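Working notes for the structure below.
In what follows, every chain begins at residue 1, and chains take the letters A, B, ... in the order their sequences are listed. Keep in mind that what you see is a predicted model, and the values were worked out from it rather than measured.
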Number of protein chains: 2
Amino acid sequence: MTTINDVARAAGVSPATVSRVFNGGRVTAERAERVRRTAAELGFSPNRVARSLRMQRASVIGLIIPDIENPFFTSLARGVEDAAQQTNLSVVLCNTDEDVDKERRYLEIAAAEQMAGVIVAAASRNRTDLSVLEGRGMPVVAVDRRPRGASVDAVMVDNQHGGEEATAHLLRSGYRRIACIAGPEGASTSDDRLAGYRAVLRDHLRETGGGALRPEYVRHGDFRVEGGRAAMADLLALPEPPDAVFVANNLMTVGALEALREAGTEPPRTGVLSFGDVPWASLVRPPLSTVQLPSYDLGWTAAGLLQERIAGTARPLQTVVLRTALQVRESTSGPEA
Amino acid sequence: MTTINDVARAAGVSPATVSRVFNGGRVTAERAERVRRTAAELGFSPNRVARSLRMQRASVIGLIIPDIENPFFTSLARGVEDAAQQTNLSVVLCNTDEDVDKERRYLEIAAAEQMAGVIVAAASRNRTDLSVLEGRGMPVVAVDRRPRGASVDAVMVDNQHGGEEATAHLLRSGYRRIACIAGPEGASTSDDRLAGYRAVLRDHLRETGGGALRPEYVRHGDFRVEGGRAAMADLLALPEPPDAVFVANNLMTVGALEALREAGTEPPRTGVLSFGDVPWASLVRPPLSTVQLPSYDLGWTAAGLLQERIAGTARPLQTVVLRTALQVRESTSGPEA
DNA sequence: TTGAAAGCGCTAACAA
DNA sequence: TTGTTAGCGCTTTCAA
C-alpha cells in the first residue's frame, strides 16, 4: 500500500507537506501540483484508519434503526445519506431488529470506532441506553423515537396529532366503533398515536353521551405484519367487532388487511386507516387512507442537526417536530359505502 | 477515554497482558480475572480504530448494493448481516443508487477504511471496476451480478433458468403473445432472464411453426417502478398488444400493473409474471405469480464465502448459483380465465 | 511555507 | 507466562 511517506519521498517533500496538500493546508501551488501528480501516479489514497486514530474521530456517522426491511426506515436512511454526502461523511447502517441487546452492541461499536456521530431510532423508549455515547461526548441525534432521559437533539413526528387527525377522520366518515391496533407498549411513537386516538374518541363520547372508551378495542401489536394480523383477528372475534380500525404502523396494516380478507370483509365496510404509508399502496384495493409520515425529511433533518453538533456549534438541545399529513382514500369512505 | 495503558497501570500489569486478555492470548486465570475486573471498573472498551491500524485490517465488511429501497436487497442484506454476526464482523451498508460513480467512491472508501472484505452487487456489469480492491488483495465477493472481468468469488441466481421457467409457464397457461419487460441492457441479471425468455419462446415457435420472435415485444426498463409503467404502456399501445408479460424485476412489475389498471385491463386476462417477489404480494389482487428469488440465502452464502477468504482459506475462485422457484398464483391463470 | 518529530491506542516480535 | 518496545499511517505542533 502506498503511504503518505512514499509520496513524500517520490515528490521530494516532507510527509507533512503531502498531508497539507490533501487537507487544505498552505502549500505553494507548484509543490502542491507536484505532490498531487506523484500521488496520482503512485495510486495513493489516504489511509482513513490512521487518519481517524490521529484525529480521534472518523468521518463516518452511524445510523441505527430497528428494521431495515420497513420502507419507513429505508426512506429515512436515504434522507440521512443524501444530507451526509454534502459534507463527505459516509453513513454506516446498523439494523437492531428492535432488539435492545443488538442495539447496545452497535452503540458500543459506534463508540469504539470513534464515529463522528450517531443517529438512532431507538429500539425501546425505556431500555435503550445512550449513555455509552453521551459519556464520550459523542454527538447523538434521536430520530422518530426518543429514549427516556436521553439528553440529545431529536427529530420527531407529531404522533399525537397524527392519531387525533386519523381518529377524527374516521368519526367524520361515519364509523362509530373505532378500534386501535397500537404498537408495543413503551414505544413512544405508538403511545402518542394511541393518546391521540383516545383523546379524540373521549371527546366525541362526551359530546354525544356515548358512554366510555372500550378498552377491548385497543390491542397492542409488535409493529410487524404478524402482530397486525393477530390483533385484527382478536378484534373480529369480539361479540361486537369494531366497524373501523386505526392501525399504528404500516406493516401491521398489511397484517390487518389480510385478517379482514380472511374474515370475508373488506374496507371500507370496515374502515382501515394506516399510520404510515404502506409500500406500493397504489396496488392495494381499495386504495388505503393513510397518515403520511415525513420519513425522508426526518432523516435529512436529523443529519443536519448531527452535522451541526459535529462541527461543534454550541446551542441548547433541540427537538424538531415534523407534522404528518392525512391522505384520504377509499378505505375509510364510510360503513355504508 | 480509557485506554489499554490505563487498565494496565490500574491492574498492575503490562499493556500487552491486557491486550492478551481481550484477544485470547495466554494469561494466567488470576491475572486475567483482575484485568477484566479493572477494565469493567474503568469502563474500558478497546479502540477499534487503533486496532485496525495496527492489524492493517478492520473488523467490518462492506456491503455495496444498488438500491436500499428494493426489498430484494434489504432481504439480501439481512442474510449478510446474520451470517456476519457469527464471526463478530459488523456490516456497513452502502447504497449506490445504480450509479457507477457513487459506487466507485464507496469502493475507495472500503479500501481506505481497510475493511476486512466487501460484498458487492454491482451497479453495472461493464463499468463497475473492482480493481481498486483486487489490487490491494482485499477479499471480494460479487453477489447477484458479476462485473465482467472481475476475478472474484460470486453468488448468483440462475436467471436464465428462471426466465425459461417463467416463459414456459406462460405458454402452458395458454398465452401466445408473450412480451418481456427486461432491465437495463448490460445488466447481467436482466440479460440472462431475457435469454431464458427468448430460448423458450424460440423453441416454441419452431415447434409450432409460429414464425419468428417479435422484437417489439421486448422492452428495456430501468428496474424501477416508473420504467415498468412506461414499458407496459408502450406494449399496450402496439397494434397487437401482448396477452401476457414477463417482467424482469419486482419494482417494474408494480409499474406494469399500474399501467394495466389505467388501461382498464387486469391479470389474468393479460397475464403478469414477476421475476422476484413483489412486497406485500398478499395484498395485490389478483395474487401475483412470481419467480421467487433466494435473496436472503444469496446474502448468507456470500458472507460465508467472504469469511472463508478473509480467514485466508486458499481455494480456487468459485461461483455458487442458487435456483429460483416458480410460484404460480392467479395472475397467470390464462387469457380465457 | 516547510520539515522534524511526537504520538494517537493498539498488537506482535522478541527477550526475559 | 510476562514485559519491553517498535511501529501501523497519519496530523499537528514547533522551530526554522
Distance below 4.0 Å between [X] side-chain N/O and [N] OP1 or OP2:
{"X": "A:T17", "N": "C:dG3", "value": "yes"}
{"X": "B:N23", "N": "C:dT11", "value": "yes"}
{"X": "A:Q56", "N": "C:dG9", "value": "yes"}
{"X": "B:R54", "N": "C:dG9", "value": "no"}
{"X": "B:T28", "N": "D:dT2", "value": "yes"}

Open item on the list: Categorize A:V49 for me: base, sugar-phosphate, or nothing, with a 4.0 angstrom heavy-atom threshold over every strand shown.
Closed with: nothing

Open item on the list: What's B:F22 touching, base or sugar-phosphate or nothing? Going by heavy atoms closer than 4.0 Å.
Closed with: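 No contact at all - B:F22 keeps every heavy atom at 4.0 Å or more from the nucleic acid.
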
Side chain of [X] only, heavy atoms from C-beta on: which candidate in [options] is closest?
{"X": "B:V13", "options": "D:dT11, D:dG3, C:dC10", "value": "D:dG3"}
{"X": "B:A16", "options": "D:dG3, C:dT2, D:dC10", "value": "D:dG3"}
{"X": "B:M55", "options": "C:dA12, D:dC10, C:dT2", "value": "C:dA12"}
{"X": "A:P46", "options": "D:dC10, D:dT2, C:dT11", "value": "D:dC10"}

[atom1] of [X] versus [atom2] of [N]: gap in Å, rounded?
{"X": "A:R9", "N": "D:dG9", "atom1": "CZ", "atom2": "C1'", "answer": "13 Å"}
{"X": "A:N47", "N": "D:dT11", "atom1": "CG", "atom2": "C1'", "answer": "13 Å"}
{"X": "A:R57", "N": "C:dG9", "atom1": "CZ", "atom2": "P", "answer": "15 Å"}
{"X": "B:I4", "N": "C:dG7", "atom1": "CD1", "atom2": "P", "answer": "19 Å"}
{"X": "B:R136", "N": "D:dG9", "atom1": "CZ", "atom2": "P", "answer": "11 Å"}
{"X": "A:R51", "N": "D:dC8", "atom1": "CZ", "atom2": "C1'", "answer": "17 Å"}
{"X": "B:N5", "N": "C:dC10", "atom1": "CG", "atom2": "P", "answer": "7 Å"}
{"X": "B:E30", "N": "D:dT2", "atom1": "CD", "atom2": "C1'", "answer": "13 Å"}

Does the pair [X]/[Y] count as a salt bridge with the N-to-O cut at 4.0 Å?
{"X": "A:D153", "Y": "A:R315", "result": "yes"}
{"X": "B:E98", "Y": "B:R145", "result": "yes"}
{"X": "B:D97", "Y": "A:R78", "result": "yes"}

Open item on the list: Does A:E185 have more than 12 heavy atoms from other residues, nucleotides or ligands lying within 6.0 Å of its CD?
Closed with: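 No, the 6.0 Å shell around CD holds no more than 12 heavy atoms from other groups.
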
Open item on the list: I want to confirm an ordering. Mapping A:R48 and B:R26 to their closest nucleotides on DNA chain D, which one lands closer to the 5' end?
Closed with: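 Nearer the 5' end of the strand: B:R26.
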
Task: Along DNA chain D (nearest heavy atom to each residue), the more 5'-positioned of B:S14 and B:L53 - done: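 By nearest-heavy-atom nucleotide position, the 5'-most residue is B:S14.
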
Task: A:F223-A:F72 aromatic ring centre distance below 6.0 Å - done: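 No, the ring centres sit 6.0 Å or more apart.
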
TODO: Confirm from the modelled atom types if A:R20 and C:dG3 form a donor-acceptor pair under 3.5 Å, side chain to base only.
DONE: yes

Task: Backbone of B:V35 reached by a side-chain donor or acceptor of B:T38 within 3.5 Å - done: yes

